[in-house]
*Asks:* 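Starting off with a structure, shown below.
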Amino acid sequence: MTLDPLAWIDEVAEARSRPNLQRSIVTHGAATPGWIERDGRRLVDFCSNDYLGLAGDPRVIAAGVDAARLYGWGAGASPLVSGWRGVHQALAEELAAFEGTEAVAVFPSGYAANLGTIASLVGSGDAVYGDRLNHSCLVQGARLSGASLRVFPHRDHGRLADLLERDRGRFRRTLIATDGVFSMDGYLAPIPELVAIAERFGAMLLVDEAHGTGVFGPEGRGASEALGVAGRVPIRVGTLSKAIGSVGGFVAGSRRLVDHLNNHAPTLVYSTAMPPAAAGAAREALRIIREEPWRRERVQGLGRRLREGLRGIGLPVLESEGPIVPVILGEVDRTMDAAARLLASGMLVAAIRPPTVPRGTARLRISLAASHDERQVDRLIEALKAECPGI
Ligand SMILES: *Cc1c(COP(=O)(O)O)cnc(C)c1O
């Protein structure tokens with residue numbers, strides 16, 4: 001009898017299935033902005049991060065197709081070898097103009113951008129200070145870097161300052177890293193306070209604008225811009241995969257930062273450049289974001305309408321803003337039931353469970369988009385009222 005070296009995986013799966021934490025990938029059919037198809041049914045899609053409805057925009061699709069025709073489907077190599085094409089260069093320049101920074105480094109994904117950036121800015125003997133609810137890629141980036149990881153309570157800049165004071169002189173370099181918009185509660189990080197603390201302690205500051213780009217701020221640069229301090233956040237990470245509707249990640253900052261990343265970020269140096277089509281699609285989406293500011297105004301307005309409506313029917317709503325509207329139900333089973341009932345009513349809403357969110361805070365995470373309308377939001381409020389009595 002031979003021992004199966006992968007048998008331990010079954011034990012882990014068993015432990016996961018007991019508290020209803022088994023997750024699986026569900027296949028969906030065709031998508032049109034704001035809608036998704038599943039098992040032949042057309043559902044209102046309240047699950048997507050395509051906040052501006054650009055992933056399925058015909059102009060974005062056409063730009064991707066054009067770029068693929070011109071440059072081929074795959075990039076073929078790392079940007080530093082031969083993967084960087086005219087369309088990548090144009091995207092980098094247009095992103096820098098959009099962000100108002102000297103330069104932008106482009107990565108295969110937002111996850112890769114955060115991971116590689118942190119790993120190339122700090123190492124052993126350094127420290128990363130991160131919000132307790134930071135996205136996985138910021139945490140893993142800190143681990144990969146070999147720096148010490150200090151975690152401060154969610155959005156508690158006072159505690160961060162205390163930690164930095166206590167650690168004064170202890171580390172070679174320090175990096176403060178935070179999500180700009182927290183993806184599971186929709187809260188903005190206290191970025192002006194973090195900027196002041198970073199400046200006071202001489203720390204580097206990285207803000208991950210994955211859920212902010214295109215959606216927050218007068219020009220759509222994200223939470224840092226909405227809070228008036230975009231120019232004082234030296235390392236702003238964005239993704240092309242959410243509001244921009246494509247795939248890829250980027251870091252906006254100074255020329256010297258971007259040169260450093262282009263030379264040292266492992267997920268950029270040793271990974272194939274994003275497909276030219278993805279870069280072409282992202283360029284078109286950026287153009288639309290600049291020319292159609294109504295998209296971000298609309299999604300913000302729908303967010304206000306939904307929050308007001310949910311409060312009106314007595315559901316717990318956090319004091320957050322923007323397209324991410326969580327309804328925290330606490331128990332995993334209750335949350336799964338509510339999501340199942342919404343699904344039966346033709347609305348796809350994500351049930352978010354631990355370990356993605358802390359234990360006891362399972363929630364419906366409603367994600368709005370500019371492709372939704374007031375009627376759909378009102379129907380969702382009605383359905384929550386009717387389908388979740390006693391919440
Ligand atoms: C989605 C997300 C990422 C990763 O971006 P991808 O482009 O999907 O890899 C990074 N940070 C946060 C906060 C995110 O929500």
Side-chain angles (χ1 to χ4, degrees), residues 25 47-52 54-55 60 64 88 91 95 99 104-119 128 130-144 151 154-155 175-191 194 205-216 221-224 226 233 235-252 261 265-268 271-275 277-279 281-282 285-286 299 320 322-326 350 352 355-358 363 365-369:
I25 296 175
C47 273
S48 173
N49 302 316
D50 177 23
Y51 300 121
L52 301 179
L54 293 176
V60 173
H88 295 101
L91 172 64
L95 272 172
E99 292 288 347
V104 155
V106 179
F107 291 75
S109 73
Y111 202 107
N114 280 303
L115 201 70
T117 298
I118 295 176
V128 177
D131 186 289
R132 195 172 71 82
L133 296 191
N134 269 354
H135 190 265
S136 154
C137 56
L138 299 179
V139 179
Q140 297 303 332
R143 291 200 180 135
L144 177 65
V151 176
H154 189 35
R155 299 162 72 224
L175 171 70
I176 301 168
T178 185
D179 285 22
V181 181
F182 287 90
S183 56
M184 294 302 145
D185 59 25
Y187 283 132
L188 304 193
I191 306 173
L194 299 180
L205 174 63
L206 180 155
V207 175
D208 176 5
E209 293 278 13
H211 295 276
T213 306
V215 176
F216 284 90
R221 289 172 185 166
S224 310
V233 176
I235 308 158
R236 270 187 291 136
V237 184
T239 175
L240 303 173
S241 333
K242 289 173 178 154
I244 296 179
S246 181
V247 66
F250 66 92
V251 178
L261 297 177
T267 51
L268 187 157
S271 194
T272 300
M274 68 167 70
L286 265 185
V299 76
S320 55
I324 302 168
V325 185
I352 309 281
T356 307
V357 291
R363 65 199 65 187
R365 177 184 181 273
I366 302 162
S367 194
L368 297 168

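All ligand and atom numbering here is 1-based and tracks the order in the structure.
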*Asks:* Specify the protein heavy atom at minimum distance from atom 13 (C) of ligand 1: its residue, its atom name, and the distance to 0.1 Å.
*Replies:* Asp208 OD2, 3.2 Å

*Asks:* Relative to the ring of Tyr187, is the ring of His154 parallel (under 30°), tilted (30 to 60°) or perpendicular (over 60°)?
*Replies:* tilted

*Asks:* Which of the numbered atoms in ligand 1 are under 4.0 angstrom from any heavy atom belonging to Cys137?
*Replies:*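 Under 4.0 Å from Cys137, ligand 1 has these atoms: 10 (C), 11 (N).
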
*Asks:* Evaluate the criterion side chain to side chain contact (heavy atoms under 4.5 Å, CB included) for residue pair Leu194 and Thr178; output intermediate values, then yes/no.
*Replies:* CA-CA 9 Å; Leu194 299 180; Thr178 185; 3.5 Å; yes

*Asks:* May I ask you to identify the nearest protein heavy atom to atom 1 (C) of ligand 1, giving residue, atom name and distance to one decimal place in Å?
*Replies:*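 Of every protein heavy atom, Lys242 NZ, 1.4 Å lies nearest to atom 1 (C) of ligand 1.
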
*Asks:* Quick one: are Lys242 and Thr213 in side-chain contact, heavy atoms under 4.5 Å?
*Replies:*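 No, side chains not in contact.
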
*Asks:* Between Asp179 and ligand 1, is there a nitrogen or oxygen pair with a distance under 3.5 Å?
*Replies:* no

*Asks:* In plain terms, say whether Arg221 and Glu209 are close enough for a salt bridge, that is, a side-chain N and a carboxylate O under 4.0 Å apart.
*Replies:*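 Judged by the 4.0 Å cut-off on N to carboxylate O distance, Arg221 and Glu209 do not form a salt bridge.
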
*Asks:* Which is closest to atom 9 (O) of ligand 1 by heavy-atom distance: Tyr111, Phe182, Phe250?
*Replies:*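 Looking at heavy atoms only, the winner is Tyr111.
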
*Asks:* State whether the side chain of Arg236 and the backbone N or O of Glu99 hold a donor-acceptor pair below 3.5 Å, judged by distance alone.
*Replies:*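 It does hold such a pair.
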
*Asks:* Measure the distance from atom 5 (O) of ligand 1 to every protein heavy atom, then report the residue, atom name and distance (to 0.1 Å) of the closest one.
*Replies:* Gly110 CA, 3.4 Å

